[in-house]
Chemist: 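Encoded as structure tokens, here's the structure I'll be asking about.
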Amino acid sequence: MSEVKPQSFLPAGGRETRPRRSLFCKYFATLFVAAVVPLLLGAVVEASFGYRDQRRQISEVLRVEARSAADRIEAFTDGLRDQLGWTVQFPWGQDDDGRHKMDAQRLLQQVPAIASVSLLDETGSERVFVSRLRLNRMSRGIDMSADPAVIGARANKVWYGPLEYQHDSEPYMRIAVAGNLPAAGFAVAEVNLKLIWDVIAAIRIGKTGYAIVVDDSGHLIAHPDISMVLRGRAGSADFGRIKHLLGSTSGGAVLTTFRGSPIVALSVQAADVGWTVIAMQPVTEAFASIRAALWRSAVLIVLGVLIALALAYWRAHRMSGPITQLEEGVERIGSGQFDHRIKLSSGDELEQLAVRFNEMASELTISQQKSARIDRLKQFLAPQVAELVEHSDGLLEGQRREIVAVFGDLRGFTAFSTRAGPDVIMAVLREYYEAVGAVTTRHEATLTKFAGDGFMLLVNAPVACQKPANQAVQLAIDLQAAVQSIAGRWCAAGHALGFGIGIAMGPATVGTVGYEGRLDYTAVGSVVNLASRLCSLAKDAQILADSIVAESVADSIPLVSLGEQRIKGYDGTLEIFAVAHRNSPAASTGAGPGEGKVATQDA
């Protein structure tokens, strides 16, 4: 199991990166735009179509009203024509002037708009003249054959004269009608157009809209405000401009200004007399409904924007909040706080992610605890042995088993430590144990304890091996080689230090001893004491072993018997063997300095 270390969230360059935009802002902007843009687009499209529909409806209303006014005007002129036609039904006789006069007077009584009428014979000579304002005349014989009215009536049966303002005030028009019989002559009437006011005044478009009538030159003929008509040609400039503007369009309603006020207007021609009826309505009234709709849309948009703001803020907070918790959780887990947990109850994938995160944190906690135990085991076990022990239950429990105990210490260390300074002593020990530790790890032995310059190793405990004696002897040979390689430098520096090893094999009780917070794995038994004694007897560069070890490795590693020796703590004598390796000194039982020894259980 690899060691779990705090994770760094810094990039390779060593500089912490900050998001350019927060997740909250992105969610908020996205949700707000997604809610508001369709609302605005819908309002704009609705307003556009509403404006087009409203304008089409206004055009239709204005056209209907203008057409109605034109029809009434045509009916008015048709009535005049018909009434005049009654006066020219019969040919002129020698004494018919009186009868025609009576017809003319009857005509004035029936048609108030006719101010005067002249009855002409078939040659165009005036025979009767009847007027409301002037004296009636009979048989004057004035030749009017060259009058445009007579020429027009002779050619077209009916002739409508141009607009004329009497005294630059009241509008008048002449109408000439030819009889159906050539001898019936002509009737020429002078019509006061002021009476058309009745037709125009009756037209109301909405509350303030109205219609007017102008001639081909744009001069005002009829207006709901009769005073406008009585001004004569003086006040007709604006009406002429509107007539010209409407005449250049395709017939739809036109937005323009009239005397400083915006209006919508449409014109229709009265065919018989060539007049133009203009229906108009102020823009404020014409588009009142669409303006009200726009206000309602604006209010709805404002409400929609406020609701979108609230919803976008709420949703962005709901989305970014859990992610922020996850980010904080990752940072805390990365800093080693494996007990940190995330609490989310969103009921969606984010909650599932938080559950997975907590599961990961729990697994990391367990992994951290295992890593800590392995680190503690590595203090007295080889790393690979420590890993094996961690994953194998019961290896560290107390048990009786065959082991090989290996003891080693420096020769001449007591004298050296007396003379040398603390820094030199610690430097020598550091170098010494680095060499011992490297060899121990390579041979997967168990370093149970060390004190001063001495240490104790166990082979075949707690992890079993196939040939513990061979492994222990080879371990001792490598230890001697490693320590002797650095002992040469110590001697060159004036420090007379050597290294001896003792090996013994036999049954022992192994397991962990100590108290809470401090445990050691050790072995207890005679084999441990024997290995310690042999280490004390070993000279520099010498490896001493008991008979069991010698017998176990006899086929693979040569050992030299040093004979039976008396050893402290044992009643009889024991045969001692020395490993005959390349750097081994001459075999002898001469005891070493006996200093710096590792304490044994019953020493």
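Throughout, numbering of the chain's residues begins at 1 and tracks the sequence. Basis for what follows: all heavy atoms, side chains included, without hydrogens, waters or symmetry-related copies.
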Chemist: Indicate yes or no: at least one non-hydrogen side-chain atom of E402 is less than 4.5 angstrom from one of P468.
Modeler: no
Chemist: Could you verify whether a donor N or O on one side chain and an acceptor N or O on the other, from R341 and S362, lie under 3.5 Å apart?
Modeler: yes
Chemist: Within the structure provided, determine whether I576 and S561 are in side-chain contact (heavy-atom separation under 4.5 Å).
Modeler: no
Chemist: Side chains of T509 and Q399, heavy atoms from C-beta outward: is any pair under 4.5 Å?
Modeler: no
Chemist: Are a donor atom and an acceptor atom from the side chains of S289 and Q54 found within less than 3.5 Å of each other?
Modeler: yes
Chemist: Tell me whether E551 at atom CD has more than 12 heavy atoms from other residues, nucleotides or ligands lying less than 6.0 Å away.
Modeler: no
Chemist: Would you find more than 12 non-hydrogen atoms of other residues, nucleotides or ligands less than 6.0 Å from E359 atom CD?
Modeler: yes
Chemist: Do the side chain of S371 and the main chain of S367 share a donor and acceptor less than 3.5 angstrom apart?
Modeler: no
Chemist: Taking the side chain as every heavy atom from C-beta outward, state whether L309 and F32 have any atom pair closer than 4.5 Å.
Modeler: yes
Chemist: Ignoring hydrogens and angles, state whether a donor on the side chain of Q474 or N470 is under 3.5 Å from an acceptor on the partner side chain.
Modeler: no
Chemist: Just checking, is any N or O donor in the side chain of D540 or Q484 under 3.5 Å from an acceptor N or O on the other one?
Modeler: yes
Chemist: Can a donor-acceptor pair be found, under 3.5 Å and without considering hydrogens, that links the side chain of T30 to the backbone of Y27?
Modeler: no
Chemist: Which distance, rounded to the nearest 0.5 Å, do you find between the CD1 of I58 and the CD of E285?
Modeler: 9.5 Å
Chemist: Is any side-chain heavy atom of V44 closer than 4.5 Å to a side-chain heavy atom of F49?
Modeler: no
Chemist: Answer yes if the side chains of R566 and T573 hold a donor-acceptor pair under 3.5 Å, and no otherwise.
Modeler: no
Chemist: State the CD-NE2 distance between E331 and H340, to the nearest 0.5 angstrom.
Modeler: 10.0 Å
Chemist: With heavy-atom distances below 4.5 Å as the criterion, would you say the side chains of F499 and F413 are in contact?
Modeler: no
Chemist: Specify the closest pair of heavy atoms between A405 and A531, including all atoms of both residues, with the distance to one decimal.
Modeler: O-CB, 3.5 Å
Chemist: Verify the ring-centre separation between F287 and Y51: is it less than 6.0 angstrom?
Modeler: yes
Chemist: Considering only heavy atoms from C-beta outward, does the side chain of V510 approach that of I403 to under 4.5 Å?
Modeler: yes
Chemist: Check Q542 against L562 and note the closest heavy-atom contact, atom names and distance.
Modeler: NE2-CD1, 4.1 Å
Chemist: Testing the basics here: between G50 and I290, what is the closest heavy-atom pair and its distance to 0.1 Å?
Modeler: C-CD1, 3.5 Å
Chemist: Is the count of non-hydrogen atoms from other residues, nucleotides or ligands lying under 6.0 Å from M360 atom CE greater than 12?
Modeler: yes
Chemist: How far apart are the C-alpha atoms of F407 and V528, what are their side-chain angles, what is the distance that settles it, and do they pass the side-chain contact (heavy atoms from CB on, under 4.5 Å) test?
Modeler: CA-CA 9 Å; F407 277 74; V528 177; 3.6 Å; yes
Chemist: Under 6.0 Å from the CD atom of E575, do we count more than 12 heavy atoms belonging to anything else shown?
Modeler: yes
Chemist: Tell me, yes or no, whether the heavy-atom count around R52 atom CZ, taken from other residues, nucleotides or ligands under 6.0 Å, exceeds 12.
Modeler: no
Chemist: Give a yes or no on whether the backbone of S532 and the side-chain of S536 come within a donor-acceptor separation of less than 3.5 Å.
Modeler: yes
Chemist: Would you indicate whether the side-chain heavy atoms of L497 and Y432 approach each other to under 4.5 Å?
Modeler: no
Chemist: How long is the straight-line distance from CD of E431 back to CZ of R489, given to the nearest 0.5 Å?
Modeler: 4.5 Å
Chemist: Whether the side chain of T418 engages the backbone of T414 through a donor-acceptor N/O pair (distance < 3.5 Å, no angle test) should be reported.
Modeler: yes
Chemist: Please give me the minimum heavy-atom distance between N460 and C465, naming the atom from each residue.
Modeler: OD1-N, 2.8 Å
Chemist: Roughly how far apart are T522 OG1 and L458 CG, rounded to 0.5 Å?
Modeler: 6.5 Å
Chemist: Using 0.5 Å steps for rounding, measure from the CG atom of L544 to the SG atom of C535.
Modeler: 8.5 Å
Chemist: Would one find more than 12 heavy atoms of other residues, nucleotides or ligands at under 6.0 Å from atom OH of Y433?
Modeler: yes
Chemist: Output the distance between atom CD1 (I342) and atom CZ (R332), rounded to the nearest 0.5 Å.
Modeler: 9.5 Å
Chemist: Per the side-chain hydrogen bond (donor to acceptor under 3.5 Å, both in side chains) rule, which among R55, Q57, R56 passes with D53?
Modeler: R56
Chemist: Short question: side chain of D546, backbone of M505 - any donor-acceptor pair under 3.5 Å?
Modeler: yes
